[in-house]
Each structure stands twice: as C-alpha cells, then as structure tokens.
Amino acid sequence: MTKKRALIIGITGQDGSYLAEFLIKKNYIVHGMVRRSSMPNTQRIDHILSTSRDEESSNKKIIREYGDLSSSENIQNIIRRIKPDEIYNLGAQSHVKVSFEIPEYTYDIVAVGPLRVLEAIKNIKPNIKYLQASSSEMFGNSENNIQNENTQFNPESPYASAKTLGYWTTRNYRDNFKIFASNVIMFNHESPRRGLNFVTKKIVRGLIEVKNKKRKYLYLGNLNAKRDWGYAKEYCEVMWKMLQLKKADDFVIATNTHYSVRDFVEAAGKELNFEIIWKGKGTKEVGIDKKTNKTVIKIDPYYFRPNDVQSLLGDASKLYKAIKWKPKTSFKKLVKIMVDKEIELIKNNKIY
Ligand code: NAP
Ligand code: F7E
C-alpha cells in the first residue's frame with residue numbers, strides 16, 4: 001500500500017512535534033516546515049529528524065523543508081514538490097501577549113498564512129486535506145460561560161483576531177472551493193514541550209528553580225484567569241482523526257474543566273513540596289511557602305495584558321460524538337507529568 005504523505009507547518013513547536021511522532025507511527029511520510037534560524041530550533045524533533053532528503057531511506061523520520069508562512073512562493077514550491085495528502089497548519093506566532101507587541105507580524109503569519117496555504121492547495125492540488133489550528137482565544141470574554149462551535153467569537157487581541165480570520169478563511173475555502181478544510185478550535189493544551197513563556201511551563205520551571213535556589217522568586221501576571229487545560233499529546237491524535245472523517249467540519253477540543261493560574265501554581269507547588277498560601281492584594285499580592293514562610297511568587301505588572309480573557313471553558317461534545325474520543329489526562333495528572341519531566345530536563349541541562 002502506498003504511504004500517505006503529510007506536511008506539518010509548525011513542526012518544531014509543541015504540537016507539531018507530537019503530531020510528527022504520531023503520524024510516523026501511523027506509517028506516514030512526514031515533511032515538516034522548519035524556519036531558518038542562526039541557532040538550532042529543532043530540539044523537540046531532533047530524535048526524529050532525518051539526515052536524508054530521500055523518502056525511502058528516511059523511513060520513520062521527518063524530512064525538513066525550510067520555509068516560512070510569510071512566503072507564498074515558498075509554500076507553493078513545497079506543496080508542488082512533495083504533493084502531500086494532508087497539511088496540518090500549526091504554524092503561528094502563538095503568544096497572545098507578544099501579539100500586542102508585534103500585531104502586524106502576527107496578522108501576517110496567523111491570518112494571511114492560512115490564506116497562502118489554502119490558495120496554494122486550491123491551485124496546485126485541491127484534494128489535499130487541510131487542518132487549521134484555531135483557538136479558544138477567538139471566544140474572548142464571552143457572554144457564554146461554556147463555549148462550543150456555536151458560540152459567537154469576540155476576539156480581543158491581535159492574535160485572536162488573526163486566528164478568527166484564519167478560521168473564516170478555512171471555512172470559505174471549504175464552502176466556496178470544496179476543499180476538505182477543517183478547523184480544530186483548541187482550548188489551551190500543555191505538556192513538557194510547552195514554550196517557556198507560556199504560563200504553565202513558566203510556573204513549573206520557575207518553581208523548580210526556586211526550589212533549587214537558582215532564583216529567589218517567580219514573577220507572574222494575572223493569577224485569576226481560568227483556562228481549560230488539556231494535554232497536548234492527546235490533542236494531536238484528534239487532529240489526525242478529524243482529517244479521516246468523511247466530511248470536513250469544525251470542532252472544539254477541550255476537557256470541559258477549568259482552573260485558574262493560581263490553582264496551577266498551588267498544584268505544581270504541591271508536587272514540589274511547597275504549600276503556597278496567598279497574602280496581599282493586586283500587584284502587592286505574594287505567594288508564600290507556608291513551610292518556610294518564604295515568599296516564592298511575586299506579581300510583575302509587565303505580565304498583565306492590555307486585555308486578558310478571564311475565563312475559558314470548552315464544550316467538546318460534538319467532537320466526542322463524531323470521533324468517539326474523550327480526554328484521558330486530568331489537570332492533576334497533567335501538572336505531575338510536567339513537573340516530573342521538567343526535573344529530568346533540568347538535571348540533563350536540556351530545554352525543550
Ligand atoms: P508553538 O509551540 O508556539 O509552535 C508554533 C510553531 O509555528 C513553531 O514550529 C514555530 O516555529 C512555527 N512558526 C512560527 N512562526 C512561523 C512562520 N512565520 N512560518 C512558519 N512557521 C512558523 O505552538 P503550539 O502550542 O504547538 O500550537 C500549535 C498551533 O495551535 C499554533 O497555531 C497555535 O496558535 C495553535 N493553538 C495552540 C493552543 C495551545 O494551547 N497550545 C491552543 C489553541 C491554538 P519556531 O519553532 O521556529 O518558532
Ligand atoms: O496565558 C496568565 C495570562 O500565555 C494563560 C496559547 O497557546 O492558549 C494560549 O494562550 C493565562 C493568561 O496562554 C502569566 O494572562 C499570568 O490569562 O499560558 P498563556 P494563553 O494566553 O491562554 C490559547 C488557547 C492559544 O491559542 C495561544 O496560542 O495566564 N498569566 N501570569 C500569564 N501568562 C504568561 N504567559 N506569563 C505569565 O507570567
């Protein structure tokens with residue numbers, strides 16, 4: 001049987017790396033778009049990166065395609081050459097706070113990027129199946145306490161607005177040009193491979209460094225924001241399943257539970273034998289380790305956003321029904337997975 005060929009855009013990121021491992025296990029030939037950088041940016045995929053460009057000899061490995069979502073020409077060349085069966089667009093400037101600082105760049109990659117890929121699919125090989133990584137940030141501070149596919153979007157950051165454009169472009173190419181193009185509307189999902197400047201990974205690494213006396217305090221922003229935190233490794237399997245359905249469609253993926261940043265600090269602290277209690281208010285609030293009476297957490301207003309989404313909670317029942325899938329990793333388990341792996345990474349002087 002001929003092997004299926006996938007192109008993953010964003011393969012060096014958290015999700016791209018898990019998806020690549022998954023597709024390799026499924027016997028796919030996997031090509032991945034990697035940005036040129038002056039220092040290695042392939043830490044998450046080095047263990048599966050091929051040294052060869054030949055599809056036959058790079059069995060069970062990824063073939064690197066230098067590329068960037070800012071270039072239509074580059075995207076077209078890659079698609080024309082490798083003629084994938086499936087494209088997973090996970091590439092993005094994915095940091096919400098950073099998007100306020102580089103809004104134009106964020107729009108170019110996050111909003112126009114998907115358009116460039118879909119236009120290339122339309123013109124080169126319209127039977128390619130396309131998956132767009134959409135985001136729960138599109139719901140913003142919603143009037144609905146629980147959000148699903150029918151909830152009105154209310155994007156409140158450049159990142160969220162750009163993702164909303166990407167979402168609609170995906171639907172337009174599905175409806176107007178009959179391309180198999182689906183949106184996976186993902187609520188926050190984390191793992192040991194999460195980028196260092198996202199709050200969960202930052203808390204885990206920061207608390208371990210406080211424990212190891214590498215630093216005195218961990219500085220955070222809004223402690224009260226609530227997120228529906230799932231496990232990234234599980235969500236990547238869903239991406240593949242969505243492209244195996246008979247019809248392209250849009251699905252929310254979430255755990256239907258949510259916790260605050262403060263809850264995450266306490267849970268990660270517990271894994272590390274801290275007992276965090278909170279004192280003070282606003283920017284003067286601190287997290288203290290009850291056992292030693294030492295301040296561990298401080299607030300730095302730098303980490304506040306011009307506008308933060310206060311609460312996200314996903315209803316993924318449409319997805320659960322369509323692909324018979326449910327999340328397996330609880331919040332507590334996720335925190336433990338992240339803490340245990342981070343201790344190992346720090347011991348081995350590694351950063352994912
Ligand atoms: P991530 O770790 O930040 O990875 C983003 C990937 O996009 C990296 O491979 C990055 O390359 C690549 N990228 C950045 N700019 C690019 C450009 N100009 N051209 C091509 N590639 C570019 O993000 P993630 O957490 O894996 O998320 C995957 C996707 O899901 C993203 O689109 C994100 O916006 C979306 N999403 C994530 C979540 C979540 O909670 N994780 C939730 C909803 C939606 P470098 O490694 O070179 O930077
Ligand atoms: O923030 C608060 C912050 O940056 C979560 C991306 O994957 O999920 C992610 O976006 C919350 C926010 O993720 C710090 O204000 C407090 O309320 O980890 P985050 P995010 O903004 O929810 C969505 C679904 C995506 O699509 C995105 O790509 O935590 N917070 N203190 C902090 N956040 C950060 N980063 N750093 C802090 O010090």
Side-chain angles (χ1 to χ4, degrees), residues 8-20 32-37 39-45 65-71 74-75 88-99 105-106 108-110 112-114 116-117 131-139 156-157 159-160 162-163 166-167 183-191 193-203 206 218-232 235-236 239 252-254 259-262 264-265 297-312 314 352:
I8 303 177
I9 301 173
I11 199 160
T12 54
Q14 170 186 256
D15 293 3
S17 63
Y18 284 121
L19 179 65
M33 185 188 278
V34 176
R35 293 197 291 171
R36 192 265 156 189
S37 67
M39 288 280 280
N41 61 349
T42 52
Q43 290 89 332
R44 296 185 179 105
I45 52 167
E65 304 293 343
Y66 280 109
D68 200 296
L69 276 167
S70 62
S71 165
N74 164 251
I75 293 166
Y88 298 84
N89 180 20
L90 314 179
Q93 185 306 88
S94 70
H95 202 283
V96 176
K97 170 146 195 306
V98 172
S99 79
Y105 174 75
T106 303
D108 189 28
I109 303 312
V110 177
V112 188
R116 292 184 179 112
V117 181
L131 188 97
Q132 169 64 16
S134 288
S135 168
S136 53
E137 279 293 304
M138 300 187 304
F139 298 119
E156 298 188 66
S157 64
Y159 170 80
K163 277 286 178 193
Y167 168 92
N183 283 290
V184 57
I185 306 171
M186 296 188 280
F187 282 64
N188 297 51
H189 48 283
E190 318 295 309
S191 76
R193 298 185 191 174
R194 190 53 145 151
L196 268 174
N197 59 355
F198 294 94
V199 79
T200 57
K201 174 86 166 185
K202 181 177 164 182
I203 291 168
L218 167 63
Y219 289 92
L220 293 171
N222 179 6
L223 296 172
N224 297 319
K226 285 187 170 174
R227 291 292 184 271
D228 182 326
W229 274 303
Y231 184 26
Y235 284 23
C236 291
M239 296 177 191
V252 155
I253 177 164
Y259 294 86
S260 65
V261 172
R262 190 186 297 279
F264 198 100
V265 171
I297 312 284
K298 285 192 174 191
I299 303 298
D300 183 342
Y302 172 79
Y303 297 110
F304 293 156
R305 299 166 183 194
N307 191 357
D308 202 3
V309 177
Q310 295 303 329
S311 174
L312 287 168
Y352 261 149

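In each ligand, atom 1 is the first atom listed, and ligand 1 is the first ligand listed. Index from 1, following the sequence.
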What protein heavy atom is closest to [atom], reported as residue, atom name and distance in Å?
| atom | answer |
| --- | --- |
| atom 20 (C) of ligand 1 | Leu69 N, 3.5 Å |
| atom 44 (C) of ligand 1 | Ser134 O, 3.3 Å |
| atom 43 (C) of ligand 1 | Met186 O, 3.1 Å |
| atom 47 (O) of ligand 1 | Arg35 NE, 3.1 Å |
| atom 16 (C) of ligand 2 | Asn222 O, 3.2 Å |
| atom 13 (O) of ligand 2 | Asn188 ND2, 3.7 Å |
| atom 26 (O) of ligand 1 | Asp15 N, 2.8 Å |
| atom 32 (O) of ligand 1 | Lys163 NZ, 2.9 Å |
| atom 10 (C) of ligand 1 | Thr12 OG1, 4.0 Å |
| atom 30 (N) of ligand 2 | Val199 CG2, 3.7 Å |

So which bit of [X] gets within less than 4.0 Å of ligand 1, heavy atoms only: side chain, backbone, both or neither?
| X | answer |
| --- | --- |
| Ala232 | neither |
| His189 | both |
| Tyr105 | side chain |

* **Exercise: identify the closest heavy-atom pair between Ile11 and Met33** =>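 That closest heavy-atom pairing would be CG2-O, 3.6 Å.
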Atoms of ligand 1 under 4.0 Å from any heavy atom of Asn41, numbered from 1 in the order shown, are 47 (O)
Using a plain distance cutoff, I'd like to know if [X] has any nitrogen or oxygen under 3.5 Å from a nitrogen or oxygen of ligand 1.
| X | result |
| --- | --- |
| Gly10 | yes |
| Arg194 | yes |
| Asp68 | yes |

Return yes or no for this condition: an N or O of [X] is under 3.5 Å from an N or O of ligand 2.
| X | value |
| --- | --- |
| Asn197 | yes |
| Ser136 | no |
| Lys202 | yes |

Does a salt bridge link Asp108 with Arg116, judged by any charged N lying under 4.0 Å from a carboxylate O? yes
Pick whichever of [options] has a heavy atom sitting closest to [atom].
| atom | options | result |
| --- | --- | --- |
| atom 23 (O) of ligand 1 | Ser94, Ser191, Gly13, Ser17 | Ser94 |
| atom 36 (N) of ligand 1 | Tyr88, Tyr235, Tyr159 | Tyr159 |
| atom 28 (C) of ligand 1 | Leu90, Ile8, Thr106 | Leu90 |

Check contact between [X] and ligand 2, using heavy atoms of the residue and a distance below 4.0 angstrom.
| X | answer |
| --- | --- |
| Tyr159 | yes |
| His95 | yes |
| Arg194 | yes |

* Asked: With a cut-off of 6.0 Å (strictly less than), are more than 12 heavy atoms of other residues, nucleotides or ligands near NZ of Lys97?
  -> yes
Distance under 4.0 Å to a non-hydrogen atom of [X]: what atoms of ligand 2 satisfy this?
| X | answer |
| --- | --- |
| Glu137 | 22 (O), 23 (C) |
| Tyr303 | 38 (O) |
| Val96 | 10 (O), 21 (O) |
| Ala225 | 17 (O) |
| Gly221 | 14 (C), 16 (C), 31 (N), 38 (O) |

Check [X] against ligand 2 and report side chain, backbone, both or neither, counting heavy atoms closer than 4.0 Å.
| X | answer |
| --- | --- |
| Lys97 | neither |
| Asp308 | side chain |
| Arg305 | side chain |
| Asp300 | neither |

Short side-chain to backbone donor-acceptor contact, Lys163 and Ala133, under 3.5 Å = yes
Interatomic spacing from CG in Asn41 to CE in Met39 - rounded to 0.5 Å:
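Asn41 atom CG to Met39 atom CE measures 10.5 Å (nearest 0.5 Å).
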Once you measure the plane-to-plane angle for Tyr18 and Tyr231, does it fall in the parallel (<30°), tilted (30-60°) or perpendicular (>60°) bin? perpendicular
Is Phe198 close enough to touch ligand 1? Criterion: a residue heavy atom under 4.0 Å from a ligand atom.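 No, Phe198 has no heavy atom closer than 4.0 Å to ligand 1.
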Q) Strictly by modelled atom types, are Arg193 and Ser17 linked by a side-chain donor-acceptor pair under 3.5 Å? A) yes
